[in-house]
Every structure is written in structure tokens, then in C-alpha cells.
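This report concerns only the one structure given below.
Positions are given from 1 along the sequence. Below, each value reflects all heavy atoms present in this structure, side chains not excepted, and no hydrogens, waters or symmetry copies. The structure presented is a predicted model; accordingly, all values stated were derived computationally and were not measured.
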Amino acid sequence: MFNKILLVISFFAVLTFSCQQKKAETVADNPTQPSYIKYASGLAITQHADWTEVVVEQPWKGAGKAIKYALVDKKKDTDAAFDGYKVVKVPLSKVAATSTTHLPHFSALGETSSLKGFANADYVYSQVFRERIASDELVEIGDGAGVNFESCLNLKPEALFTFSMGNDRSTDERLELAGIQMLYNADYLETTPLGRAEWIKFTAAFFNKLDDADSIFNVIEQNYLELRAKALKAEAKPTVLTGVVYGDTWFLPGGKNYGAAFFEDAGGSYLWKETEENGWLELSFESVFEKGLKADYWIGVASFSTLQEMKAQESRYGLFSAWKNSAVYNYDNQLNEKGGNNYLEEGYSRPDIVLADLIHIMHPDLLPGHKLYFYRKLP
């Protein structure tokens, strides 16, 4: 169900080092570099004289407290404790990951060879990583249930880039006891597209490539802001419906969700933009039908590939104006033979491309030369 929902769907001072003592209490004084973070509400990164502080404010929903990492050079003595911090020796060179959303970070940062293990390889879209899987350079360490403890332990990565929904973390705890660092990427809790994309800096910090990530993100940010400014000048604001029903429940993003922000930034009017949820709404078919019946566009329809397939599964879909007017789009323009979807891999790292697609859908006159990349119109 989680994968189906996905389809409709990262203190502050010079730390005094000596051979005998390193005190985390001094970090609130004078950082040598201001925070690298501009948009991500759940991530803080600060560089100090000879270490880097990475704080994941909410590693999973309801976590209660932040996780703080102290990144220190592999060649330097770290015998003394950083109180309250997880010490990670960097740069890392042998890691594993659990989410397809992490993969573009390794590609963009030139660290594809550092990724040695991945969970659920069938979901990988990138040809580069698929070739590494085929040649056993990238080892499968999981299955549909998550990370396999024995497989990950046999690989012996220095760290595992992972995420948590806040439920069973027993495997994570066992791996950590075995000496494998758990690096929690909580980008999915961000409420803006740029905030989510900025988590490339989280990955970059562990490879000493923060400046590279900053440059990469600056280009994405500039593209996004220019596109948004163009879209917001449009006079018409077409209404937008998204999602489909599963059983008795229709899942769609709340008004504070990054998905809702995309529709608004593209010059649309998301019908549930006034809701306060930053996660996902779970509504009845009837309530969505009443509000979305006359929506101009229906964008994001799970795994449906044609209009007739939608109607065959739920005849009432055919009553919606967007369905009748063939104004239904899905983010499955790039699928591989195993079902890997590039939107669920590259899409979160490239909100500028996603935004260009959405603008072209709702305001084709604004981007007449654009060719849809992630999205396609359902026949």
C-alpha cells in the first residue's frame, strides 16, 4: 500500500580539539561557515573549523527529538566523545541506501561507485545503477519488507542512507549495534519542492562535497524560481484534482504538502489547498466527487495507464469533467521493464523539471517548446 500511495502520490561554533578532549557543549559559539540550508525545514548543516555538524530535526514523524551527526575527518583522532552526537568519519567510501529518491544524489555528486548496496533493486530506474546491479557492483540488501539484516551485515558498509516512517526500527538498531551508521534522510517530511530537493546536501556532507551540492542545488533553485514567476503571471488558474480511491479511501496531498505546492507554483488552483495537513488526506469518494467533479485537470492517477482502464476499475471516474475532456495526466512517462518509475527516483531531486511539466500541462502557451519529461497525457 505504501508504494501505491507514493504513486498517487536535514550548534554552531568552532569545536576546540585537543588530543585529550572535544566538547560538544562549545558548538553554539562561532561557526566558521553559515548554514548551507535555505529551504529544508528539517535539516541544518553547519561547518566548523575541523568538523561538520548535520542535524536532522525530525528523523521521522513523531520522533520527538533530533538526530545530530558530527562529521570528522577519517585521519583525525576522535576518541573523545561529542556528547549527544553520532560521530561519522568522512568521507565515506562504501555505503548502502534504501530509497530510490537517494540515488540521484550519488549520481549528481559523482559517487555512484561508493554505493555498494541497495534495497528493493526492482524499483531502480536509472540505467547506470541497473547496470551496476546486473554486474554485482551494486548488491541487493533487501526485499519488499525493507533491509535484510544478514545481507547488509555481509556487505559491511560504513553507513546506510535510510529513512523511517517511525514504526519498527529493530533492524536499524541491530545494524547500528553491529557498527553500521544509520543516516536518516527525512526529505519526505518537507512541505515544499525546493525543501525536499535541498536534501542532496545531506548526502553530500558525508562525502565532503557540500560545495558541489550547493552549486547543483543553486541551478535547480534558479530554474524553479524563474519558472514559478512565469507561471504565477498567468491570468487563468485552472483547478486541479489528484489521486484515486483505494477501497473506500481517496488519498491526496494536504494543502501544506509539497505536492500541493507544485500545483500552486505551476499556476493552478489545487482544490484542497486550504487544508492544513502537510501529509496526505484520506477522504471518501463522495467528498472528492462533490469537490472535484468539475476540476479542469486530474494530475496523478496511481498506476492507471489509460482512461478506459480507470473507468473499468471505477465507473464513476467517467463522470468527472477532467476524464470527459481527456485532461488526465500521470507521472509514469518513464517506466522500465520492471516497473521502476523515474518520477519516484529523479523527480524529487529535480523539482524544476516537474514544475516545467506542470506548467506546460496547465499553461502550454507559457512553455510552448517544452516536451513532457515525467508526465504524460492518458489516452
>> Contact between V288 and W272 at the side-chain level, heavy atoms closer than 4.5 Å - yes or no?
In response: yes

>> Keeping N120 on the side-chain end and G146 on the backbone end, is there a donor-acceptor pair under 3.5 Å?
In response: no

> Is a side-chain N or O of D296 found less than 3.5 angstrom from the main chain of T239, in a donor-acceptor match?
Replying inline: yes

>> Would you say W323 ends up clustered with L293 if hydrophobic residues are merged whenever their side chains have heavy atoms under 4.5 Å apart, either directly or through other cluster members?
In response: yes

> CG/N218 to CD/E198 distance, rounded to the nearest 0.5 angstrom?
Replying inline: 9.0 Å

> Can you tell me how far NE2 of H105 sits from CD of E346, rounded to the nearest 0.5 angstrom?
Replying inline: 11.0 Å

> Could you state the interatomic distance from CD1 (I141) to CG (L175), rounded to the nearest 0.5 Å?
Replying inline: 8.0 Å

>> For the backbone of Y373 and the side chain of Q334, can you confirm whether one donor and one acceptor N or O come within less than 3.5 Å of each other?
In response: yes

>> Can you tell me how far apart CG (L281) and OG1 (T249) are? Round to the nearest 0.5 Å.
In response: 11.5 Å

> What heavy-atom pair brings P104 and E345 nearest, and what distance separates the two atoms?
Replying inline: CG-O, 3.1 Å

> More than 12 non-hydrogen atoms from neighbouring residues, nucleotides or ligands closer than 6.0 Å to CD on E290, yes or no?
Replying inline: no

> Run the side-chain hydrogen bond (donor to acceptor under 3.5 Å, both in side chains) check on Y39 and E190 step by step: do they pass?
Replying inline: CA-CA 9 Å; Y39 297 92; E190 293 295 333; over 6 Å; no

> So if you build clusters from Ile, Leu, Val, Met, Phe, Trp, Tyr with side-chain heavy-atom gaps below 4.5 Å, do Y184 and V90 land together?
Replying inline: yes

> Going only through I, L, V, M, F, W and Y residues with side-chain contacts under 4.5 Å, is there a path from L319 to W250?
Replying inline: yes

>> I'd like to know if the side chain of T275 reaches the main chain of G255, judged simply by a donor and an acceptor atom lying under 3.5 Å from each other, with no hydrogens or angles considered.
In response: yes

> Given side chains that start at C-beta, do those of E111 and T203 come closer than 4.5 Å, heavy atoms only?
Replying inline: no

>> Checking the side chain of H363 only, and the main-chain atoms of G267 only, is there a donor and an acceptor separated by less than 3.5 Å?
In response: yes

>> Rounded to the nearest 0.5 Å, what separates atom CG in D168 from atom CD in E173?
In response: 8.0 Å

> When hydrophobic residues are tied together by side-chain contacts of less than 4.5 Å, even through go-betweens, does I353 share a cluster with V128?
Replying inline: no

> Do Y343 and Y348 have ring centres separated by under 6.0 Å?
Replying inline: yes

> What's the shortest heavy-atom distance between D265 and L232, and which atoms?
Replying inline: O-CD2, 4.2 Å

> Is the F161 ring parallel, tilted or perpendicular to the F206 ring (thresholds 30°, 60°)?
Replying inline: perpendicular

>> Under the ring pair (Phe, Tyr, Trp, His ring centres under 6.0 Å) test against W298, which residue among F320, Y270, F304 passes?
In response: F320

> Has K86 got its NZ or CZ under 6.0 Å from the middle of the six-membered ring of Y69, at an angle within 45 degrees of the ring axis?
Replying inline: no

>> I'd like to know whether Y36 forms a side-chain hydrogen bond (donor to acceptor under 3.5 Å, both in side chains) with D211, so could you lay out the CA-CA distance, the side-chain angles of the two residues, the decisive distance to 0.1 Å, and finally the verdict.
In response: CA-CA 9 Å; Y36 273 84; D211 288 338; 2.8 Å; yes

> Is Y246 linked to V301 within one hydrophobic cluster, defined over Ile, Leu, Val, Met, Phe, Trp and Tyr using a side-chain heavy-atom separation of less than 4.5 Å?
Replying inline: yes

> For I359 and A231, which heavy atoms make the closest approach, and how far apart are they?
Replying inline: CD1-CB, 3.6 Å

> Counting only heavy atoms not in K61, do more than 12 fall under 6.0 Å of its NZ?
Replying inline: no

> Does the distance from a Lys or Arg side-chain N to an Asp or Glu carboxylate O, for K116 and E158, drop under 4.0 Å?
Replying inline: no

> About how many Å separate CG of N333 and CZ of F374, when rounded to the nearest 0.5 Å?
Replying inline: 9.5 Å

> Do R316's NZ or CZ and the ring of F285 fall within the cation-pi criteria of under 6.0 Å and 45°?
Replying inline: yes

